[in-house]
Peer 1: 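Take this structure first; my questions come after.
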Amino acid sequence: SDNTSPLRGRNFNRESSSSALEMVNTIGLQHTNTMQHSLTPDSTATPHNLTSVERFKLVLSLWPYTIPLFTVYAAEYMLQAGVWSAIGFPISSSNSRAQFYHYSNWTYQAGVFLSRSSGKMWSASMPILWLMPFLQVSNLYFFWLDSIHHFWYNYYLLLPCFFAGLLGGGVYVQGYS
């Protein structure tokens, strides 16, 4: 039923367009009197002009950006909700764990603030955008191992918390730009 779609076989990537809306607008879809889509050079398309199949294809074309975003946020959630709550100096004190949790989240937020407010100063390539979630998952693995084995167990652990914030904010800015 959608064999006449101008989106059929079109390859969307970061190099060909910088945003999903620009991708739609460059196609230039417009309804004709026969209710089929046709390409016209001066028409502008909106997501409202697309069929359900075309919208689905457009959403699927965004996977290079959504996978890094989902991965970095899942790792951050596990860090904040799980691993950081198990770290404290000494570990046996619930007040120490609460204090580290408090400081780690403030340090994380400082990293997010810095990366989001300065994120437009550089543009990450697609490999860098995919490297950042890998580093965040590595950060999660590091904190998880440290919470078990206590090999680096002092307030200098706030430095990797800041790094986690830099990564999270960086993927957010670069994924949406």
Side-chain angles (χ1 to χ4, degrees), residues 11-24 47 52-53 55-177:
N11 183 17
F12 295 122
N13 57 35
R14 189 172 183 133
E15 289 76 29
S16 66
S17 181
S18 63
S19 74
L21 191 53
E22 285 179 22
M23 287 186 277
V24 173
S52 296
V53 172
R55 286 182 192 179
F56 184 69
K57 287 179 182 179
L58 183 62
V59 169
L60 286 181
S61 72
L62 298 175
W63 74 267
Y65 308 100
T66 57
I67 299 294
L69 284 166
F70 173 79
T71 305
V72 80
Y73 287 131
E76 286 175 0
Y77 181 78
M78 287 183 257
L79 276 170
Q80 291 178 325
V83 179
W84 287 347
S85 63
I87 297 174
F89 319 112
I91 189 65
S92 57
S93 168
S94 61
N95 286 337
S96 312
R97 289 192 309 272
Q99 187 177 14
F100 179 78
Y101 184 77
H102 180 77
Y103 289 148
S104 63
N105 278 285
W106 273 104
T107 307
Y108 162 82
Q109 290 300 332
V112 169
F113 175 76
L114 181 65
S115 64
R116 285 188 182 181
S117 60
S118 61
K120 288 294 198 174
M121 296 174 84
W122 65 283
S123 180
S125 65
M126 191 58 71
I128 297 296
L129 184 65
W130 278 73
L131 175 66
M132 293 164 74
F134 174 77
L135 292 173
Q136 192 73 301
V137 170
S138 300
N139 209 11
L140 169 64
Y141 186 64
F142 163 77
F143 274 105
W144 177 70
L145 286 175
D146 195 45
S147 69
I148 294 169
H149 300 292
H150 305 208
F151 54 85
W152 183 10
Y153 224 65
N154 56 37
Y155 277 100
Y156 286 111
L157 275 176
L158 295 177
L159 294 173
C161 295
F162 183 76
F163 181 63
L166 287 176
L167 289 171
V171 169
Y172 178 84
V173 169
Q174 298 301 319
Y176 285 110
S177 62

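Keep in mind that this is a model prediction, so the values were computed, not measured.
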Peer 1: Quick check: does any side chain N or O of Trp84 sit under 3.5 Å from a backbone N or O of Tyr103, one acting as donor and the other as acceptor?
Peer 2: no
Peer 1: Near Phe56 CZ, under 6.0 Å, is it more than 12 heavy atoms from other residues, nucleotides or ligands?
Peer 2: no
Peer 1: Could you check whether any side-chain N or O of Arg97 sits under 3.5 Å from a backbone N or O of Ile91, counting only pairs where one atom can act as donor and the other as acceptor?
Peer 2: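 The answer is yes, because a donor-acceptor pair under 3.5 Å joins these two groups.
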Peer 1: Does the pair Asp146 and Trp144 meet the rule for a side chain to side chain donor-acceptor pair (under 3.5 Å), with working shown?
Peer 2: CA-CA 5 Å; Asp146 195 45; Trp144 177 70; over 6 Å; no
Peer 1: Can any side-chain N or O of Gln80 pair as donor or acceptor with the backbone N or O of Ser104 at less than 3.5 Å?
Peer 2: no
Peer 1: So, does Gln109 use its side chain to make a donor-acceptor pair with the main chain of Gly165 at under 3.5 Å?
Peer 2: no
Peer 1: Okay, side chain of Asn139, backbone of Leu135: is any donor-acceptor separation there less than 3.5 Å?
Peer 2: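 Judged by distance alone, no pair lies under 3.5 Å.
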Peer 1: Without swapping roles, check the side chain of Gln174 against the backbone of Ala124 for a donor-acceptor pair under 3.5 Å.
Peer 2: yes
Peer 1: In terms of relative ring orientation, are Phe100 and Tyr155 parallel, tilted or perpendicular, with 30° and 60° separating the classes?
Peer 2: tilted
Peer 1: Verify the neighbour count for atom CH2 of Trp152: are there more than 12 heavy atoms of other residues, nucleotides or ligands below 6.0 Å?
Peer 2: yes
Peer 1: Looking at Pro68, is its backbone amide N or carbonyl O close enough to the side chain of Thr71 to form a donor-acceptor pair, meaning the two atoms are under 3.5 Å apart?
Peer 2: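 Side chain of Thr71 to backbone of Pro68: no pair is present.
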Peer 1: What I'd like to find out is whether the side chain of Val59 reaches to under 4.5 Å of the side chain of Arg55, using heavy atoms alone.
Peer 2: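 When only atoms from C-beta onward are counted, Arg55 and Val59 do not touch, as no gap falls below 4.5 Å.
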Peer 1: Kindly assign one of parallel, tilted or perpendicular to the pair Tyr153 and His150, based on the angle between their ring planes and the thresholds 30° and 60°.
Peer 2: parallel
